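Report on the following structure.
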Amino acid sequence: LLEQQNEVSVQSETSTAKAILDDYSKTEENLKNEVSMKEIMSRLTSLVDESDIRHMKNGQKDILSSLESSIDVLHNFNNFSQQLFTQTSTDFQKHTKMAKEMRSDLESIMLRTRALKKKIEQYESEQEKQNV
């Protein structure tokens with residue numbers, strides 16, 4: 001039983017040691033990668049002229065200010081459009097209501113006109129019968 005416990009403890013110590021070595025090798029690889037990334041970055045920065053970088057930054061700043069002013073213009077236009085839409089929609093509702101009322105008024109006038117026309121036709125036909 002003691003031998004089995006000793007074997008288990010030796011195995012656990014061995015696995016712990018392997019894990020520590022793996023971690024160490026991983027950190028060593030990370031350091032190597034970091035160093036190689038720094039080398040790559042330094043080589044890239046040496047390829048590009050500082051004035052070119054400054055020129056690109058100034059161009060980006062100009063574009064940014066242009067975009068910000070465009071955003072302000074669009075924001076003001078949207079606010080104006082919203083106000084105009086609100087006003088126009090209320091006017092449209094009023095005009096729609098007025099058009100519906102006018103239609104019902106015209107229909108009523110047409111009905112009365114037809115009724116008067118029938119009465120006049122009847123009256124004329126009675127007058128013709130009396131004159132004949």
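As the structure is a computational prediction, the values presented were derived from the model and not from experiment.
- Rounding to the nearest 0.5 angstrom, the gap separating the OG1 atom in T96 from the CG atom in D91 is 10.5 Å.
- One finds the OG atom of S125 at 12.0 Å from the CD1 atom of I120 (value rounded to the nearest 0.5 Å).
- Rounded to the nearest 0.5 Å, atoms NZ (K119) and NZ (K117) are 15.5 Å apart.
- Residue pairs satisfying the side-chain hydrogen bond (donor to acceptor under 3.5 Å, both in side chains) criterion with at least one member in residues 71-82, sequence neighbours excluded, are absent.
- Partners of S51 by side-chain hydrogen bond (donor to acceptor under 3.5 Å, both in side chains), not counting sequence neighbours, listed by chain and number: D49.
- In this structure a side-chain-to-backbone donor-acceptor pair under 3.5 Å is missing from S66 to D62.
- With rounding to the nearest 0.5 Å, the separation of CD in E121 from NZ in K118 is 8.5 Å.
- Applying the side-chain hydrogen bond (donor to acceptor under 3.5 Å, both in side chains) test to R112 and every residue at least two apart in sequence or in another chain returns S108.
- By the side-chain hydrogen bond (donor to acceptor under 3.5 Å, both in side chains) test, R103 pairs with E107, sequence neighbours left out.
- Side-chain contacts under 4.5 Å among hydrophobic residues (ILVMFWY), followed directly or transitively, place F77 with no other residue at all.
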*Step by step, would you call Q83 with T86 a side-chain contact (heavy atoms from CB on, under 4.5 Å)?*
CA-CA 5 Å; Q83 291 171 355; T86 303; 5.8 Å; no
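- Side chains of K61 and L64 form no contact here, defined as non-hydrogen atoms less than 4.5 Å apart.
- Residues passing the side-chain hydrogen bond (donor to acceptor under 3.5 Å, both in side chains) test with S104, sequence neighbours excluded: none.
- Note that CG of L67 and CD of Q60 are 11.5 Å apart. Values are rounded to the nearest 0.5 Å.
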